[in-house]
K.L.:
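Right, I'll just put the structure down here and ask away after.
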Amino acid sequence: MIQAQKGTKDILPDESIRWQFMEDTAKKVFTLANFKEIRTPIFEATELFARGVGDSTDIVNKEMYTFEKSERSLTLRPENTAGVVRAYIEHGFSRLPQPVKLWYKGPMFRYERPQAGRQRQFHQVGVEMFGSSEPSADAEVINLAVKYLNELGLNDLYVEINSLGCPECRKKYRDSIKEVLKPYLSELCEDCNFRYEKNPLRILDCKVDSCKKIFEKDDIQKVILGDFICPDCKEHFEKVKEYLNSLNIKFSVNKLLVRGLDYYNRTVFEIKSNNLGSQNAVCGGGRYDSLVETLGGQPTPAIGWAMGMERLNSLISDIQDSRLDVFVVSENTSEAFKVAEELRSKGFSAEFDYPNRKFKKQLDKAAKSAKYALIIMDDELKSNTVTIKNLDTSEQVNVSRDDYLCKIGNF
RNA sequence: GCGGGUGUCGUCAAGUGGUUAAGACCUCGGAUUGUGGUUCCGAUAUACAUGGGUUCGAAUCCCAUCAUCCGCCCCA
């Protein structure tokens with residue numbers, strides 16, 4: 001028996017309703033803010049991710065699905081920002097009126113150990129905005145994430161933001177962190193020692209108790225809470241916060257929020273939930289002002305985010321009534337077929353009993369699958385009427401064959 | 001890559017060494033040739049993850065493998 005591969009899943013009909021809801025809502029919310037959909041390929045040149053995502057990241061180092069074909073190294077996309085940037089450059093979008101505002105959805109691939117909220121093939125929906133370095137652009141993009149989540153009916157979430165500053169201020173901050181932690185290195189856990197070399201900023205959100213305790217020391221706290229970002233970056237960050245406040249978006253500043261991808265600068269943010277297990281971030285993003293240039297384009301400021309749709313899906317409560325509108329109950333198959341088609345042409349979902357079983361079986365099936373039963377048996381056929389039965393209330397009415405379509409909507 | 005839990009019909013789930021492996025749901029049929037979801041009866045299924053081992057005898061004990069779930073790392 002061949003099974004779906006580890007870390008992959010079938011989205012079955014019952015669940016696909018929720019996926020359609022997520023996708024429809026995305027399209028609606030983003031279109032209102034004049035973001036346009038872009039669809040880029042599932043695989044790209046490996047080099048795009050190596051350069052774009054950053055070769056110090058785990059994603060590039062150990063999680064990519066890479067394969068060779070005709071002497072080219074190709075990789076299944078582990079995220080979509082690099083691909084969208086590639087398309088922006090390739091199609092000369094810098095000559096379009098700026099900013100260029102794009103959104104996407106689709107599968108991503110990372111070779112990781114699956115666990116709650118993490119799969120090897122997973123789906124992201126995201127937005128990217130190119131060509132504006134204004135703080136209002138940051139706020140717009142964050143606002144869009146919050147709007148989308150609200151539209152999905154998710155309120156039990158919190159927004160965290162931080163500013164990493166520009167490369168210069170970040171380096172300063174990094175160096176001071178390294179300096180103050182140096183004496184404690186032998187007391188910190190193995191992972192922290194590894195991070196010390198690779199990504200010192202990440203040390204601070206270590207979950208090991210003994211490490212946390214060390215971070216509470218005064219000299220370390222002073223560095224953590226200290227202000228290392230330059231005046232320009234600081235002003236930018238202050239304005240972003242002002243806009244968010246005036247939009248009534250609740251957020252908290254988390255100085256330990258760092259994000260793992262190499263390309264971020266200035267504003268970074270995450271939206272988290274307490275109902276997700278240990279993978280609690282549902283949305284992550286930030287500003288990446290140097291990425292377009294890194295990938296060979298003109299210097300172009302940009303900001304964006306991505307959400308994990310599997311994580312969203314696990315938060316969305318059961319929403320809609322997925323039942324069929326009408327089940328046509330009749331022992332005359334061709335009449336049932338005809339009526340079902342009439343209903344469909346008016347926008348009602350409709351079905352009839354293919355095996356043409358007896359009345360009771362058909363009504364039974366109707367009750368299990370539909371909101372209304374439309375009964376057309378011998379009596380109805382003789383009198384040129386139909387009987388509409390509301391399967392929730394058991395009420396039914398007999399109406400003329402000619403105008404049942406008007407009746408069924410408001411019965 | 002590292003650590004822990006779990007694998008019995010499509011789903012849930014009894015069974016902890018003894019010969020036909022319960023039950024429920026789902027599906028289908030009948031009781032009931034026009035009123036269901038909440039009656040009664042019945043039918044269907046290559047279900048003990050796989051491969052070894054221990055034993056007179058293994059779903060049950062041991063080992064390995066695989067799958068899955070949860071956590072670490074990292075990320076959405």
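Order of the sequence lines sets the chain letters (A, B, ...), proteins ahead of strands, with each chain counted from 1. Only heavy atoms go into these numbers, but all of them, side chains included; no hydrogens, no water, no symmetry mates.
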K.L.:
Go through the N and O atoms of the side chain of A:R202 and the base of B:C74, and report whether any donor-acceptor pair is under 3.5 Å.
P.N.:
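Per atom types, no contact qualifies.
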K.L.:
Parallel, tilted or perpendicular: which describes the rings of A:F228 and A:Y173, with under 30° parallel and over 60° perpendicular?
P.N.:
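Aromatic pair A:F228/A:Y173 classed tilted.
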K.L.:
Can you give me every donor-acceptor pair (side chain of residues 153-165 of chain A, partner residue at least two apart or in another chain, under 3.5 Å) with its distance?
P.N.:
from: A:D156; atom 1: OD2; to: A:N275; atom 2: ND2; distance (Å): 3.3
from: A:E160; atom 1: OE1; to: A:N254; atom 2: ND2; distance (Å): 2.9
from: A:E160; atom 1: OE1; to: A:K272; atom 2: NZ; distance (Å): 3.1
from: A:N162; atom 1: ND2; to: A:N254; atom 2: O; distance (Å): 3.4
from: A:N162; atom 1: ND2; to: A:K255; atom 2: O; distance (Å): 3.4
from: A:N162; atom 1: ND2; to: A:L257; atom 2: O; distance (Å): 2.9
from: A:S163; atom 1: OG; to: A:G165; atom 2: N; distance (Å): 3.2

K.L.:
Are any protein N/O atoms closer than 3.5 Å to N/O atoms in nucleotides 28-33 of chain B? If there are, list each pair with its distance.
P.N.:
from: B:G29; atom 1: OP2; to: A:R357; atom 2: NH1; distance (Å): 3.4
from: B:A31; atom 1: OP2; to: A:K358; atom 2: NZ; distance (Å): 3.3
from: B:U32; atom 1: O2; to: A:K360; atom 2: NZ; distance (Å): 3.3

K.L.:
Do the side chain of A:E63 and the base of B:G1 come within less than 3.5 angstrom through a donor-acceptor pair of N or O atoms?
P.N.:
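Between B:G1 and A:E63, which were checked side chain against base, a qualifying N/O pair under 3.5 Å is absent.
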K.L.:
In whole Å, what separates the P atom of B:G3 from that of B:C75?
P.N.:
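After rounding to an integer number of Å, I get 22 Å for this pair.
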K.L.:
Give me the distance, rounded to whole Å, that separates B:C48 from B:A67 when you measure between the C1' atoms they each carry.
P.N.:
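Approximately 16 Å lies between the C1' atom of B:C48 and that of B:A67.
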K.L.:
Grab the CG-P distance between A:D58 and B:C74 for me, whole Å please.
P.N.:
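After rounding, the reported distance stands at 7 Å.
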K.L.:
Taking side-chain contact (heavy atoms from CB on, under 4.5 Å) as the test, write out the residues that go with A:E134, two or more places apart.
P.N.:
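Here the qualifying residues are A:S132, A:S136.
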K.L.:
Output the single nucleotide from B:G36, B:C73, B:G34 whose closest atom is nearest the side chain of A:Q279.
P.N.:
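Nearest to the side-chain atoms of A:Q279, counting from C-beta on, is B:C73.
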K.L.:
As a test of reading the structure: which of B:C73, B:G37, B:C75 is closest to the side chain of A:R110, going by heavy atoms?
P.N.:
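Side chain of A:R110 sits closest to B:C75.
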K.L.:
Could I get the full list of side chain to side chain donor-acceptor pair (under 3.5 Å) partners for A:R110, not counting sequence neighbours?
P.N.:
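Applying side chain to side chain donor-acceptor pair (under 3.5 Å) to A:R110 gives none.
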K.L.:
Below 4.0 angstrom, which residues in residues 39-52 of chain A have at least one non-hydrogen atom near RNA chain B?
P.N.:
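Close to the strand, none.
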K.L.:
Side-chain donor-acceptor pair under 3.5 Å between A:T40 and A:N80, yes or no?
P.N.:
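Yes - a donor-acceptor pair under 3.5 Å links their side chains.
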K.L.:
Using the P atom in both, what is the distance from B:A14 to B:A22, to the nearest Å?
P.N.:
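To the nearest whole Å, 15 Å.
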K.L.:
Sequence neighbours left out, what passes side-chain contact (heavy atoms from CB on, under 4.5 Å) with A:P200? Give chain and number order.
P.N.:
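Listed in chain order: A:R174, A:K178.
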K.L.:
Hey, does the side-chain of A:E112 have a donor or acceptor N/O within less than 3.5 Å of a partner on the base of B:C73?
P.N.:
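For A:E112, whose side chain was compared with the base of B:C73, there is no donor-acceptor pair (under 3.5 Å).
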K.L.:
How far does the C1' atom of B:C69 sit from the matching atom of B:A49, given to the nearest Å?
P.N.:
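Nearest-Å result for B:C69 against B:A49 at atom C1': 15 Å.
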K.L.:
Between A:N332 and A:S334, is any side-chain donor less than 3.5 angstrom from a side-chain acceptor?
P.N.:
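Their side chains do contain a donor-acceptor pair, which is all the 3.5 Å distance test asks for.
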K.L.:
Distance check needed: B:U27 P versus A:D353 CG, whole Å only.
P.N.:
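It is 13 Å, rounded to the nearest whole Å.
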K.L.:
Taking the same atom, C1', in B:G10 and in B:U46, what whole-Å distance lies between them?
P.N.:
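Straight-line distance between the two C1' atoms is 15 Å.
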K.L.:
Please report the distance, rounded to the nearest Å, between CD in A:E395 and C1' in B:G37.
P.N.:
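To the nearest whole Å, that distance equals 16 Å.
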K.L.:
Measure all distances between protein nitrogen or oxygen atoms and nitrogen or oxygen atoms of nucleotides 67-70 of chain B, and list the pairs falling under 3.5 Å.
P.N.:
from: B:C70; atom 1: OP2; to: A:A116; atom 2: N; distance (Å): 2.6

K.L.:
For residues 350-358 of chain A, please give each side-chain donor-acceptor pair under 3.5 Å, one per line with the distance, not counting sequence neighbours.
P.N.:
from: A:D353; atom 1: OD1; to: A:R357; atom 2: NH2; distance (Å): 3.0
from: A:D353; atom 1: OD2; to: A:N356; atom 2: N; distance (Å): 3.3
from: A:D353; atom 1: OD2; to: A:R357; atom 2: N; distance (Å): 2.8
from: A:D353; atom 1: OD2; to: A:R357; atom 2: NE; distance (Å): 3.3
from: A:N356; atom 1: OD1; to: A:Q362; atom 2: NE2; distance (Å): 3.4
from: A:N356; atom 1: ND2; to: A:E331; atom 2: O; distance (Å): 3.0

K.L.:
Establish, yes or no, whether a centroid distance under 6.0 Å links the rings of A:Y148 and A:F30.
P.N.:
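Aromatic pair counts; centres sit under 6.0 Å.
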K.L.:
Nearest-Å distance, NZ (A:K272) to C1' (B:C75)?
P.N.:
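Result: 12 Å.
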K.L.:
Between B:G5 and B:G18, how far apart are the C1' atoms? Round to whole Å, please.
P.N.:
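Their C1' atoms lie roughly 30 Å apart.
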K.L.:
Can you identify which nucleotide, out of B:C72, B:G34, B:G37, has its nearest atom closest to the A:E380 side chain?
P.N.:
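Given the options B:C72, B:G34, B:G37, the side chain of A:E380 is closest to B:G34.
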K.L.:
In Å and rounded to the nearest 0.5 Å, what is the CD1 to CG distance from A:I375 to A:L363?
P.N.:
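Nearest 0.5 Å value for the CD1-CG distance: 5.5 Å.
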K.L.:
Could you check whether A:A366 gets within reach of a base, just the sugar-phosphate, or nothing at all, counting any heavy atom under 4.0 Å?
P.N.:
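Touches nothing.
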K.L.:
State which residue, out of A:Y104, A:W305, A:W103, A:F35, fulfils the side-chain contact (heavy atoms from CB on, under 4.5 Å) condition with A:E128.
P.N.:
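Filter result, single survivor: A:Y104.
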K.L.:
Which ranges of RNA chain B pair up as stems, where a stem means three or more consecutive Watson-Crick or G-U pairs with both distances under 3.5 Å?
P.N.:
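Output for stems: B:1-7 with B:66-72, B:10-12 with B:23-25, B:27-31 with B:39-43, B:49-53 with B:61-65.
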K.L.:
Please work out which residues in residues 189-199 of chain A have a non-hydrogen atom less than 4.0 Å from an atom of RNA chain B and list them by number.
P.N.:
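Hits under 4.0 Å, by residue number: A:D191, A:R195.
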K.L.:
If I pick the C1' atom on B:G17 and the same atom on B:U27, what distance separates them, to the nearest angstrom?
P.N.:
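My reading of the C1' atoms in B:U27 and B:G17 gives 36 Å.
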K.L.:
Give me each pair satisfying ring pair (Phe, Tyr, Trp, His ring centres under 6.0 Å) with a member in residues 107-143 of chain A, each pair once, sequence neighbours excluded.
P.N.:
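Residue pairs passing ring pair (Phe, Tyr, Trp, His ring centres under 6.0 Å), neighbours aside: A:W19-A:H123, A:Y65-A:Y111, A:Y88-A:F130.
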K.L.:
Hey, what do you get for NZ (A:K6) to CZ (A:R113), rounding to the nearest 0.5 Å?
P.N.:
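If I round to the nearest 0.5 Å, the distance is 5.5 Å.
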K.L.:
If a pair satisfies ring pair (Phe, Tyr, Trp, His ring centres under 6.0 Å) and one of its residues is in residues 175-208 of chain A, list it, with sequence neighbours excluded.
P.N.:
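Sorted result for residues 175-208 of chain A: empty, none.
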K.L.:
List the steps and the verdict of side-chain contact (heavy atoms from CB on, under 4.5 Å) for A:E15 and A:N313.
P.N.:
CA-CA 9 Å; A:E15 228 188 344; A:N313 182 45; 2.7 Å; yes
K.L.:
Quick one: does A:E79's side chain have a donor or acceptor within less than 3.5 Å of a partner on A:A82's backbone?
P.N.:
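Yes: the side chain of A:E79 pairs with the backbone of A:A82.
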K.L.:
When we call it a touch if two heavy atoms are under 4.0 Å apart, what does A:L312 touch: a base, just sugar-phosphate, or nothing?
P.N.:
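Here A:L312 touches no strand at all.
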K.L.:
Name the residue closer to the 5' end of RNA chain B, choosing between A:S394 and A:C206 according to the nucleotide with the nearest heavy atom.
P.N.:
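On the 5' side of the pair lies A:S394.
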K.L.:
With rounding to whole Å, what would you report as the distance between B:G52 and B:U6 at their P atoms?
P.N.:
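My reading of the P atoms in B:G52 and B:U6 gives 24 Å.
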